[in-house]
Peer 1: 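Structure below; questions to follow.
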Amino acid sequence: MGKWLFLWLQQRSMEYNHRAIEAKWKKNWDHQHTYKTLNDTAKPKYYVLDMFPYPSGSGLHVGHPLGYIASDIVARFKRQQGFNVLHPMGYDAFGLPAEQYAIQTGVHPAVSTEQNIQTYRAQLDNIGFSFDWSREVKTSDPSYYKWTQWIFLQLFEHYYDQNANKAKPVSELIQQFESGGSSGVNAFHSHDEHFSAEEWQAMSPYQKDQVLMNFRLAYRKTGYVNWCEALGTVLANDEVKDGVSERGGHPVERKAMMQWFLRITAYAHRLLDDMIGLDWPEALKTMQNNWIGRSEGAQLFFKIDGHDTELEIFTTRPDTIFGATFMVLAPEHDLVGQLTTPAQKQAVEACIQYVKGRSERERMAEVKEMNGAFTGSYTIHPFSGEKVPIWIGDYVLKDYGTGAIMAVPSDDERDKTFAQKYNLPIVDVVDKTNYPGSTLHDKEGIIINSDFLNGMEVPDAIQLMFEKIEGMGIGKRRVNFKLRDANFSRQRYWGEPFPIVYDADGVAHALPESELPLTLPDLEDFKPTADGQSPLAKATDWVKYGAFTRETDTMPGFAGSSWYFLRYMDANNDQDFASTEALAYWQDVDFYIGGAEHAVGHLMYSRFWHKFLYDKGLVPGKEPFKKLVNQGMIQGVVESIYLYKSHDGSHQFYTEELAKEHSDKEFALLPVHVDFVTEYGSPRSHLTKAGIAQFLEWRPDYKGSVFHLSEGVFTLETLPENARLTTKSEVGKMSKRYFNVVNPDDMVDKYGADCFRMYEMFLGPIEQSKPWDTKGIEGVSKFIKKLWQLMHKGEAFLVSDEKATKEELKVLHTAIKKVSGDIEILSLNTSVPAFMVCVNELKRLECNKREIMEGLVALIAPFAPFIAEELWSKLGKTTSVHHSTFPVCDESYLVEDNVVYPICINGKRKGELTFPNGADAATLEQMAMENDFVRKLLEGQAPKKVVVVPGRMINFVI
RNA sequence: GCCGAAGUGGUGGAACUGGUAGACACGCUGGACUCAAAAUCCAGUGCUAGCGAUAGUGUGCGGGUUCGAGUCCCGCCUUCGGUACCA
């Protein structure tokens, strides 16, 4: 017994001890400030950024570090290549979960957030990231949100000048109003208003404030917002998914509320145009494109029969105007009250009430269901002079275009459905017989039934109509965007307070810069109030500001994350959000990695803020993120068993096949811990007898359950040894409630950080989503051990100073070439096999020569920083391997004397022959033809054709 | 519906501009060491037929271009992601 234990211990001591070595180097790197980055202008810069995490209470699971590992490899690689690398990390620390947690437990969000951050930090350090923690950023820290508030004030104090195509101070706009009123002002705004200088001067402060709110880049208005009752706050469009809140999945309804907005729409065209030069995934660019949703068309005014006002509509198809048999207004449209005749009043109001009563979710569920009512009024068709009835309809949206359309039921799916439901006339205006397969959506066909447009092709007719409309003065060409202004108010506690106070008239004033940061008051009670008031309203002393009152809403989650990448450049500056020098040196992010879920939220807002700061001359470039990569998600396998919903309180589980057969019975799917499941993640996943025993121990409340298997009905005691209770296996989220969370700490503890890092990379292409599977990690673990043993004999470190052979050099340089190329194109999953092949080959050659080992260790350092550092120091180096020079491939070692050629007949490989490297096509053909093997293949016939690709293959066509 | 991405062994996945499909790893099978196990090492492993050399077949399906197609073109199918009354 003692002998075996001794042998086992001896064997263990020969192996790489990751726990001790990782602890040693973590400490050492910390003391030596190995990863501290200086704003050193002598070196070329490289900025590698991860999307910073929200520090949630559950900590990191194995999916989170995927992107961080990839970016860390890039950062370390660039550092070894001589770049001054900025590779920071921080926390997106404001947000709903911390506040929800506070409501449930009474723990202050600042306290729980700080605890969570410490957990995150420890987890990140375990994995061996090369972050420069001296630049750490927390969005909830007053020294940080001071500048978030400051940027908000800049937005508040600016408007968008469309002549200069940039943001300008509101003070300049006021000067223009004072001297010349609204005429000559070409500023981006929400709605048209005209006034003279005298009228402006005569306005009350409140009226002036209202006018300016129409121009400010951060402004207040009453708008229809996504109100979430359960969360007690409004949400931005990108925070709502499928009609429910993205966080928590609570129902969301539309509600009119006074809110802060950011005028991102002023930047719509620039957000669209500047995307062209970005090295971003095409899919993501397309998503932003669609979200911005540019469409060209005409703004068009229709006279209203018996009224002075005109009805403004937007259409991309002015060519179909002769098919416009009715008009539709959004139910919330301003003119609805005015246009509704007494006879129609009841019908219109009933319709409006019905539409209001439907939740966003219901509307989504019954998308094609349309509701409307006739107002009783008519417009005059500008060309035919006919009376066209005006309807209201819920399929027309208040916020898009002008909230009103001319309906062309013959050429628009939705108009057609509406016309059919309410029996409205349909007139065909486009003949598509020459365009088979063309849909209503496609702008092609010949115009018919349309007076002067008859016989024209659609695109020509559109052009002609633009000219007609502009010529007649009844409208203009216009570009519309789907993009809406961003709702910036949240009725929550845990966010940045607005540096805004209101006077007795309700006019908004900016706090002076000297009073920033405006810190959050301490609160005991975080609950939102039912009437939509922010919890901050309860801090009555805080709200009072002399004769003024403070804004009590807070900023949304995306406020702090819209500029954090700039703060890292100069994180401890208390005079500025970052110094001009730091911004000039670091410029922009060279490499940004994060999840695609931020495609239209964070990435859009960040670009918007950055462009605004650019207009102000505060940042050097137009775009913040040069290259962007979306890493995929690591999912979890969700295993569940079928529990029959019995009415007598008994617990009966069914094997999957039986559950499917009994479609008459109702089953609940009970998630079961993946550790109990045999062959989890496959169609054969099942619980064995032992698995069922484990399950019952884990959930004692199910003791005494009955199991329906294909062999019969059993209890735990009567189960046969080979029992199989098949489970339902799905790929889903890694989450506590599915009992499938894998903690990186456990992986690191068991296999070591280097092994964990390499395995995550080995799993597959970085941008691909895949379920986590621990089984394969053994392969990488073996590789790490082999690497260690290459330089050890027994316990002793042993390398030879002999000169390396050509073959050994070739092995090393093949790996150097492959790995450096792979990192550049972020194909990290293929680098890992390159290392494996290299180590396997060197082991076969019994090579432990210093020359080769030094190259190998420096090469693997970005992937496996701990073992590389340890081996590097054992190789006698006194400085860190992470400051060493990355090996460069010498192509001359890769040249072969001979090349093995596949010999093909009609493209099918029949065998192979070796010929000297460098032989040209003619020589190769001749040598091949003379070869006995080839002669036999050709059976004496002369080939019709011989294709020779030097270095590749030889093909005979017979 | 529309937009985008992807379909390769039992599994994760390789394959640069068209040029030996399945690298590397997991798993599995057999063997060595061991009283035994773990660990380690060696060999085999797409499928079908055959003791075997070998032959046939094979990258979602159907066509096409080419001396040669996982890769290019046309038409489908499936899966995943995004989006949705956007006028």
Side-chain angles (χ1 to χ4, degrees), chain A residues 4 7-8 11-12 15 241-242 281-287 289-291 293-295 297 313-317 320 328 363-364 366-370 393-397 399-408 411-415 417-418 439 441 480-484 596-597 599-600 630 632-633 679 681-684 731 759 762-765 767-771 773-780 782-783 785 818 821 825 827 829-830 832-837 840 900-912 943-949 951-958:
Chain A
W4 303 122
L7 277 175
W8 181 76
Q11 201 172 19
R12 284 300 295 257
E15 279 177 12
K241 291 262 144 78
D242 302 324
E282 270 320 303
L284 203 135
K285 285 191 185 181
T286 314
M287 264 190 249
N289 260 316
N290 293 341
W291 192 260
R294 183 183 194 274
S295 64
I313 61 120
F314 174 76
T315 179
T316 54
R317 295 297 302 276
T320 61
V328 187
R363 291 190 54 178
M364 302 285 240
E366 19 181 296
V367 144
K368 292 292 172 229
E369 182 65 35
M370 291 175 180
D394 62 349
Y395 75 102
V396 175
L397 305 176
D399 298 337
Y400 182 73
T402 62
I405 59 157
M406 62 173 206
V408 184
D411 218 53
D412 183 289
E413 206 82 51
R414 296 150 303 164
D415 296 345
T417 312
F418 193 79
T439 63
H441 212 73
N480 244 329
F481 295 95
K482 269 199 262 189
L483 187 69
R484 312 288 158 79
E597 67 273 18
V600 289
N630 287 131
M633 271 210 300
E679 295 196 66
S682 80
R684 298 173 305 279
V731 170
Y759 180 59
F762 188 50
L763 229 39
E767 63 280 356
Q768 216 169 78
S769 290
K770 53 237 156 187
D773 182 0
T774 308
K775 290 175 218 137
I777 200 169
E778 296 289 347
V780 181
K782 278 183 216 164
F783 159 76
K785 285 175 193 159
K818 177 74 181 145
I825 59 167
S827 171
N829 57 320
T830 53
V832 179
F835 286 119
M836 290 175 170
V837 171
N840 287 345
V900 178
Y901 282 93
I903 304 299
C904 306
I905 301 291
N906 295 336
K908 281 212 169 289
R909 192 182 78 101
K910 296 291 172 185
E912 52 195 32
K944 283 192 201 135
K945 191 174 169 184
V946 184
V947 183
V948 179
V949 182
R952 285 266 177 228
M953 46 71 67
I954 298 169
N955 186 22
F956 295 94
V957 186
I958 54 172

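In what follows, every heavy atom counts, from backbone to side chain, and hydrogens, waters and symmetry copies are set aside.
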Peer 1: Any side-chain heavy atom of M406(A) sitting closer than 4.5 Å to one from V408(A)?
Peer 2: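 Of all side-chain heavy-atom pairs linking V408(A) with M406(A), at least one is under 4.5 Å.
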Peer 1: What nucleotide, of G4(B), C26(B), U83(B), holds the atom closest to the side chain of K775(A)?
Peer 2: C26(B)
Peer 1: Could you tell me which nucleotide pairs with U45(B) by Watson-Crick or G-U wobble geometry, both distances under 3.5 Å, or answer none if nothing does?
Peer 2: G27(B)
Peer 1: Looking only at atom P, what distance separates C80(B) and G75(B), rounded to whole Å?
Peer 2: 24 Å
Peer 1: For V947(A), which contact category applies under a 4.0 Å heavy-atom criterion: base, sugar-phosphate, or nothing?
Peer 2: base
Peer 1: Are F762(A) and P833(A) packed together at the side-chain level, in the sense that at least one heavy-atom pair is separated by less than 4.5 angstrom?
Peer 2: yes
Peer 1: Could you please name the partner base of A14(B), counting Watson-Crick and G-U wobble pairs only when both distances are under 3.5 Å?
Peer 2: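 The answer is none; no pair meets the criterion.
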Peer 1: Does a nitrogen or oxygen in the side chain of K945(A) sit under 4.0 Å from OP1 or OP2 of C67(B)?
Peer 2: yes
Peer 1: Nearest-nucleotide wise, let me know which of I777(A) and Y400(A) is further upstream toward the 5' end of RNA chain B.
Peer 2: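 Counting from the 5' end, the first nearest nucleotide belongs to I777(A).
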Peer 1: How far does the C1' atom of U59(B) sit from the matching atom of C72(B), given to the nearest Å?
Peer 2: 16 Å
Peer 1: Measuring to OP1 and OP2 of A25(B), would you say a side-chain N or O of N840(A) lies under 4.0 angstrom away?
Peer 2: yes
Peer 1: Would you measure the distance from the P atom in A84(B) across to the matching atom in U78(B) and give it in whole Å?
Peer 2: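 To the nearest whole Å, 24 Å.
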Peer 1: N630(A) CG to G82(B) C1': how many Å, rounded?
Peer 2: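 Computing the N630(A):CG to G82(B):C1' distance gives 12 Å.
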Peer 1: Could you tell me whether the phosphate oxygens of C3(B), OP1 or OP2, come under 4.0 Å of any side-chain nitrogen or oxygen in N289(A)?
Peer 2: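 Indeed not, no polar side-chain atom of N289(A) lies that close.
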Peer 1: Would you find a donor on one side and an acceptor on the other, under 3.5 Å apart, between the side chain of N290(A) and the backbone of G293(A)?
Peer 2: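 A pair under 3.5 Å: no.
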Peer 1: Output yes when a side-chain donor or acceptor of N630(A) lies under 3.5 Å from a complementary backbone atom of E767(A), and no otherwise.
Peer 2: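 Here the side-chain-to-backbone pair does not exist.
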Peer 1: Need one value for N955(A): base, sugar-phosphate or nothing, where a base atom within 4.0 Å counts as base even if backbone is also close, heavy atoms only.
Peer 2: base
Peer 1: At 4.0 Å (heavy atoms only), tell me whether P765(A) reaches a base, stays on the sugar-phosphate, or touches nothing.
Peer 2: sugar-phosphate
Peer 1: Is the side chain of K770(A) donor-acceptor paired with the backbone N or O of P765(A) at a distance under 3.5 Å, no angle test?
Peer 2: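 Checking the backbone N and O of P765(A) against the side chain of K770(A), a donor-acceptor pair under 3.5 Å is found.
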Peer 1: Using only modelled atom types and a 3.5 angstrom limit, is any donor from either the side chain of R484(A) or the base of C86(B) paired with an acceptor on the other?
Peer 2: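 Such a pair is found, so the answer is yes.
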Peer 1: Could you tell me how far U34(B) sits from A39(B) if I compare only their C1' atoms? Round to whole Å.
Peer 2: 11 Å
Peer 1: How far does the P atom of C74(B) sit from the matching atom of U79(B), given to the nearest Å?
Peer 2: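 It comes out at 23 Å once rounded to the nearest Å.
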Peer 1: Mind checking who U40(B) pairs with, Watson-Crick or G-U wobble, both distances under 3.5 Å?
Peer 2: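 A32(B) is the nucleotide pairing with U40(B).
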Peer 1: Of all the nucleotides listed (G19(B), C24(B), C85(B)), which has the minimum atom distance to the side chain of Y395(A)?
Peer 2: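 The closest nucleotide is C85(B).
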Peer 1: Check every atom of A15(B), G4(B), A84(B) against the side chain of T830(A) and return the nucleotide holding the closest atom.
Peer 2: A15(B)
Peer 1: Whole Å only: how far is the CZ atom of F783(A) from the P atom of C41(B)?
Peer 2: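 That distance rounds to 14 Å.
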Peer 1: Across all strands shown, which nucleotide pairs with G58(B) by Watson-Crick or G-U wobble geometry, both distances under 3.5 Å?
Peer 2: none
Peer 1: Hey, is the side chain of R952(A) poking within less than 4.0 Å of OP1 or OP2 on G18(B), counting only N and O atoms?
Peer 2: no
Peer 1: For a quick test of reading the model: is some side-chain N or O of K482(A) closer than 4.0 Å to OP1 or OP2 of A87(B)?
Peer 2: no
Peer 1: When the distance from CD1 of I905(A) to P of G68(B) is rounded to whole Å, what number comes out?
Peer 2: 13 Å
Peer 1: Based on the glycosidic angle (syn within 90° of 0, else anti), state the conformation of G9(B).
Peer 2: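 Syn conformation for G9(B).
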Peer 1: Side chain to side chain contact (heavy atoms under 4.5 Å, CB included), that's the test. Do N955(A) and K945(A) meet it? Break it down for me.
Peer 2: CA-CA 8 Å; N955(A) 186 22; K945(A) 191 174 169 184; over 6 Å; no
Peer 1: Quick one: does R317(A) reach the base of C86(B) with a side-chain donor-acceptor pair under 3.5 Å?
Peer 2: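 There is none.
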Peer 1: Heavy atoms only, 4.0 Å cut-off, all strands: where does M953(A) land among base, sugar-phosphate and nothing?
Peer 2: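 Since a base atom lies under 4.0 Å of M953(A), the category is base.
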Peer 1: P atom, G60(B) versus A53(B): distance in rounded Å?
Peer 2: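 G60(B) and A53(B) have their P atoms separated by 29 Å.
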Peer 1: Side chains of Y400(A) and K482(A): does their closest heavy-atom pair fall under 4.5 Å?
Peer 2: yes
Peer 1: Separation of F762(A) atom CZ from A23(B) atom P, in whole Å?
Peer 2: 11 Å
Peer 1: For atom C1', what is the distance between C3(B) and G19(B), given to the nearest Å?
Peer 2: 35 Å
Peer 1: Do I954(A) and Y901(A) pass the side chain to side chain contact (heavy atoms under 4.5 Å, CB included) test, and can you show the C-alpha distance, the side-chain angles, and the key distance before you say yes or no?
Peer 2: CA-CA 7 Å; I954(A) 298 169; Y901(A) 282 93; 4.1 Å; yes
Peer 1: Please state how far atom OH in Y759(A) lies from atom P in C24(B), giving the value in whole angstrom units.
Peer 2: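 Value for this atom pair: 18 Å.
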Peer 1: What integer distance in Å separates D394(A):CG from C86(B):P?
Peer 2: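 The answer, rounded to whole Å, is 13 Å.
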Peer 1: Using a cut-off of strictly less than 4.0 Å, decide whether Q768(A) has a side-chain nitrogen or oxygen near OP1 or OP2 of G13(B).
Peer 2: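 For Q768(A), the contact criterion (side-chain N or O under 4.0 Å from OP1 or OP2 of G13(B)) is met.
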Peer 1: Using atom P in both nucleotides, what's the gap between G12(B) and U17(B) to the nearest angstrom?
Peer 2: 24 Å
Peer 1: Nearest-Å distance, CE (M287(A)) to C1' (G82(B))?
Peer 2: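 The distance from CE of M287(A) to C1' of G82(B) comes to 5 Å, rounded to the nearest Å.
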Peer 1: Tell me which nucleotide, if any, is Watson-Crick or G-U wobble paired with G9(B) when both distances must be under 3.5 Å.
Peer 2: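 Checking every strand shown, G9(B) finds no partner, since no pair has both distances under 3.5 Å.
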Peer 1: Looking at every strand, decide which applies to N480(A) at a 4.0 Å heavy-atom threshold: base, sugar-phosphate, or nothing.
Peer 2: nothing
Peer 1: Just how far, in rounded Å, is C1' of U20(B) from CD1 of I954(A)?
Peer 2: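 After rounding, the reported distance stands at 12 Å.
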Peer 1: For A84(B), which nucleotide in any strand shown is its Watson-Crick or wobble partner with both distances under 3.5 Å?
Peer 2: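 WC or wobble partner does not exist here.
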Peer 1: Using a cut-off of less than 4.0 Å, is there contact between a side-chain N or O of S295(A) and OP1 or OP2 of A87(B)?
Peer 2: yes
Peer 1: Let me spell it out: for each of A404(A) and K782(A), pick the nucleotide of RNA chain B with the closest heavy atom. Which residue's pick is nearer the 5' end?
Peer 2: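 It is K782(A) whose nearest nucleotide is closer to the 5' end.
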Peer 1: Step through the shown structure and confirm whether more than 12 heavy atoms of other residues, nucleotides or ligands are within 6.0 Å of CE on M633(A).
Peer 2: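 Counting neighbours around CE of M633(A), 12 or fewer heavy atoms of other residues, nucleotides or ligands fall under 6.0 Å, so no.
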